[in-house]
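Worth saying up front: this structure is predicted, and the values here are computed from it rather than measured. Hydrogens, waters and symmetry mates are skipped; everything else that's a heavy atom, side chains included, is used.
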Amino acid sequence: MNDLEKHIQNLFDSLSNSNVDAAKSIVLDIVYLCGENLNPQTITFCLSLFFKREKNLLTFLRKTITRDEFRGCKVDLLQFLEKFITSAEKKILPYSPDIKDTCILLFSSDKYSDVRCATFSIISKILELTKGEYEITAKMNIPKLADDYFLSLANQSKLSSSIKANILSILGRICWYHPEVISSKSNKCLELFLTTLKNEINAKFRKSDLSLIAGALDGLNSYLNNFSVSETSDHLRAVFNFIKLSLLSSSEDLSRYAVPKSALNILIKHCRQFDELIYSDYKEIFDRISQWSEHKNYDMKKLAYLALDSYYKSLAEMIRVKSNTETDKCRLIFKYFIQKFYKNLTDGNKDLKEMVISIKGYGAFAGPCRELMDTKDMKLMLNIIIDICDRNFLSADSAQHNEIYDEKIFQLSSFIESLSCVCSQIDSFSEGSLNTMEKLVILAIDCYPKLVKRYNNQISLAIAALFLAIQRTNFSDEFISRIIYHSLIRIFSYKTLYSVNQEDTSDETNEPMSSIIVTTSLDYVMLWSNFLGLQEFSDLKSDNLDDKKKIVEIIFNEYIESIIKIMNKLDLAAVKNDGSEVNGGEQENVDKNQSDLGVSSDPIIGLKPQKPRDFEIFINLVDFTRELLMNKNFDLFEKWLFKLSKEIILLSTSHCLISGFYKLATLIMKMAPIFRV
């Protein structure tokens, strides 16, 4: 990084010498150096070097505005600065006004479109990072920034379509990140977006400019984060129609997907603003999203699935709201989609993504099913989902296809979430249904270390949602109890951390172990910590905070009950090490040690566990409990203080040489002062 200062000096020298090739080479060297060595310490050094000193990168950009020969160098430097600003994050804030001013100067004065376009991504990132930073925002004078862009659009003949599209997108970003400074111009922004869409989509005597349509839709998407479109005006219908028209074609000759991508993004984020219109035109909009879900382009397919998910939730809510006033239409729509979901889920030719979006649809449509179905049909709906889950996750045939099965496991949370939605509408369950759901949850908990890497807390929330749904029934305590007990047995049955570390150090092949991921019981601490902190998750849908507290209390109580039960079932007896059971080399070492040291006073010398597997389970139980309980739900522990203490004292009396009991006793004594015991 010490060469950076020299590179910047050389950059200014190349400017004096008009050496364009040297300047371009120096910029590439700066990009390479920062790409290789960027970390929190070097970022601070770079900030001073790039923006603070007399000769810095912003000064260089301002000096080259009229130097057309440095066009490529300016583009490379602006692209680098955008990536650097992304890495620097909030540390860039003190320099934001200068960066913004330099970008605006380049935008208004440079005559090349590629240079001017390269400023937009920097401005967008600066707008995002300065959100809520009112002192910095005041210095940046964002209202003037918006006026500059509006003024530029007034002289459209001088602008390329890519620049106009970027301006529309940036105006939307201002509405998103700084609504307080542009609220007076919000209607002007909306009119601009709609006028652009109308002129381009409805163009009769020329080809529509796709980049302008995409820019207007992108700006509209950002705009809708803070501003709504009035339902009483024609604007909402106009926006919805433009979205439908933008999704119209998925033909193979469409080489760029910016327009449908922007339209799908609006539906993903703002579907609920179009509830009434979606309800009216449910078939047409569904068909247009669905055609993209079957497209060969992976990114478009993925966006279409997300849009379908939002669409299902919006339509299901409208069916629930209108089921009393428009029962026949609601029943027709409901039946149409339930049959479609079932067909997709039972069709062996459908891929996993199509199955997942259908199971999510089942979950979304569970909301209005109480109004449109009788109890018998609702239970049939639950049985269909349970049968599909059983076939995909629990059957022997499914598990045999390892690659497919592994990918299915990553979607398990979606299936459990849908089950919870349907269960929330039913008051009683068959024993068979409960058994299958129990196995699914235990499987999900068992796979947690794998799932958490891709989906963070999603599996925790899905399981908790199922617990909340079943909580209203008489089966909840027994259902949760069985899941917790069997899950803990499986978790504590992994190799101990000590054993894993010992295997790593004793590996004779000297092969690197970093690529081998070994699961231990401690990998599950975060999952159980999430279970004991459900009140903190706003994503977990529950109308009543007391329901969450009750579930947490049930889980905590069952955890303590389970570890007491497990400890009492373990055989922790030890026997004297008989010399005949030790191989010759080990016996020789024992004899030598005893002759060198004499008789040892250590009572554990010569002892070995009668059942080593039980000892491993106990070690994991102790380590896991210490890690979990020291940081969570002290108030719930108070009722268990004396009972757990008594159990540990009794067990330690029988097994006085086992340190794990004293570790648990120490944990209890650390927690006891909180209750003033």
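Annotation for Ala214 and Ser262: closest pair O-OG, 3.5 Å, computed over non-hydrogen atoms. Across all non-hydrogen atoms, the minimal contact from Asn297 to Met300 is OD1-N, 3.0 Å. In this structure, Leu106 and Arg116 approach most closely via the heavy-atom pair O-CG, 4.0 Å. Contact record, Leu372 with Ser323: CD2-CB, 4.1 Å, taken as the closest heavy-atom pair. Here the closest non-hydrogen pair linking Ser290 and Ser293 is O-OG, 2.6 Å.
Atom NZ of Lys164 has more than 12 neighbouring heavy atoms from other residues, nucleotides or ligands inside a 6.0 Å radius. A 6.0 Å sphere centred on OH of Tyr336 holds more than 12 heavy atoms belonging to other residues, nucleotides or ligands. Applying the 6.0 Å contact sphere to CD of Glu135 captures no more than 12 heavy atoms from other residues, nucleotides or ligands. Lys83 NZ: 12 or fewer foreign heavy atoms inside a 6.0 Å radius. More than 12 non-hydrogen atoms from other residues, nucleotides or ligands lie less than 6.0 angstrom from NZ of Lys90. Residue-environment remark: NZ (Lys139) stays at or below the threshold of 12 foreign heavy atoms within 6.0 Å.
When side chains are defined from C-beta on, Cys34 counts as touching Leu4, because their heavy atoms get closer than 4.5 Å. Under the 4.5 Å side-chain criterion, counting only non-hydrogen atoms from C-beta, Tyr279 is in contact with Lys322. Side-chain atoms of Arg237 and Leu277, non-hydrogen and from C-beta on, do get closer than 4.5 Å to each other. Contact annotation: the side chain of Ser108 never approaches that of Asp148 to less than 4.5 Å [non-hydrogen atoms, C-beta and beyond]. Side-chain contact between Lys313 and Cys271: absent, with no pair of heavy atoms (C-beta onward) separated by less than 4.5 Å. Counting heavy atoms from C-beta outward, Thr137 and Lys131 have side chains that stay 4.5 Å or more apart. Two residues are said to be in side-chain contact when any heavy atoms from C-beta on lie closer than 4.5 Å; Leu197 and Ile213 meet this criterion. Using a 4.5 Å heavy-atom cutoff, the side chains of Leu129 and Lys125 are in contact.
When ring centroids are compared, Phe242 and Phe193 stay outside the 6.0 Å threshold. Aromatic rings from Tyr282 and Phe286 are positioned such that their centres are separated by 6.0 Å or more.
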**OP:** Output, in order, the C-alpha distance, side-chain angles, deciding distance and verdict of side chain to side chain contact (heavy atoms under 4.5 Å, CB included) for Ile285 and Ile289.
**Re:** CA-CA 6 Å; Ile285 190 70; Ile289 301 172; 4.1 Å; yes

**OP:** Walk me through it: do Leu220 and Leu190 pass the test side chain to side chain contact (heavy atoms under 4.5 Å, CB included)?
**Re:** CA-CA 7 Å; Leu220 193 57; Leu190 180 61; 3.7 Å; yes

Subject >> Residue pair Gln9, Asp13: steps toward the side-chain hydrogen bond (donor to acceptor under 3.5 Å, both in side chains) verdict >> reply: CA-CA 6 Å; Gln9 179 60 50; Asp13 291 342; 3.2 Å; yes

**OP:** Could you walk me through whether Ile359 and Ser418 pass the side chain to side chain contact (heavy atoms under 4.5 Å, CB included) test, one step at a time?
**Re:** CA-CA 6 Å; Ile359 203 72; Ser418 292; 3.9 Å; yes

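When Lys269, Lys261, Arg173 are each tested for a salt bridge (Lys or Arg N to Asp or Glu O under 4.0 Å) with Asp218, only one passes: Arg173.
Shown here are the salt bridge (charged side-chain N to carboxylate O under 4.0 Å, His left out) partners of Glu354, two or more places apart in sequence or in another chain: Lys350. Asp209 pairs by the salt bridge (charged side-chain N to carboxylate O under 4.0 Å, His left out) definition with nothing, not counting sequence neighbours.
Atom OG of residue Ser121 and atom CD1 of residue Ile170 lie 8.5 Å apart, to the nearest 0.5 angstrom. One distance of note links NE2 of His178 with CG of Leu127; it measures 5.0 Å at 0.5 Å rounding. One finds the CZ atom of Arg62 at 13.5 Å from the OG1 atom of Thr66 (value rounded to the nearest 0.5 Å).
The existence of a salt bridge linking Arg272 and Asp275 is confirmed by a sub-4.0 Å separation between a basic side-chain nitrogen and an acidic carboxylate oxygen. A salt bridge links Glu200 with Arg206: at least one charged nitrogen is closer than 4.0 Å to a carboxylate oxygen.
Judged by the 6.0 Å and 45° rule, Lys360 forms no cation-pi pair with Tyr312.
Listed by first then second residue, pairs satisfying ring pair (Phe, Tyr, Trp, His ring centres under 6.0 Å) with a partner in residues 79-116 read Phe50-Phe80, Phe50-Phe84, Phe51-Tyr95, Phe107-Phe120, Phe107-Tyr149, not counting sequence neighbours.
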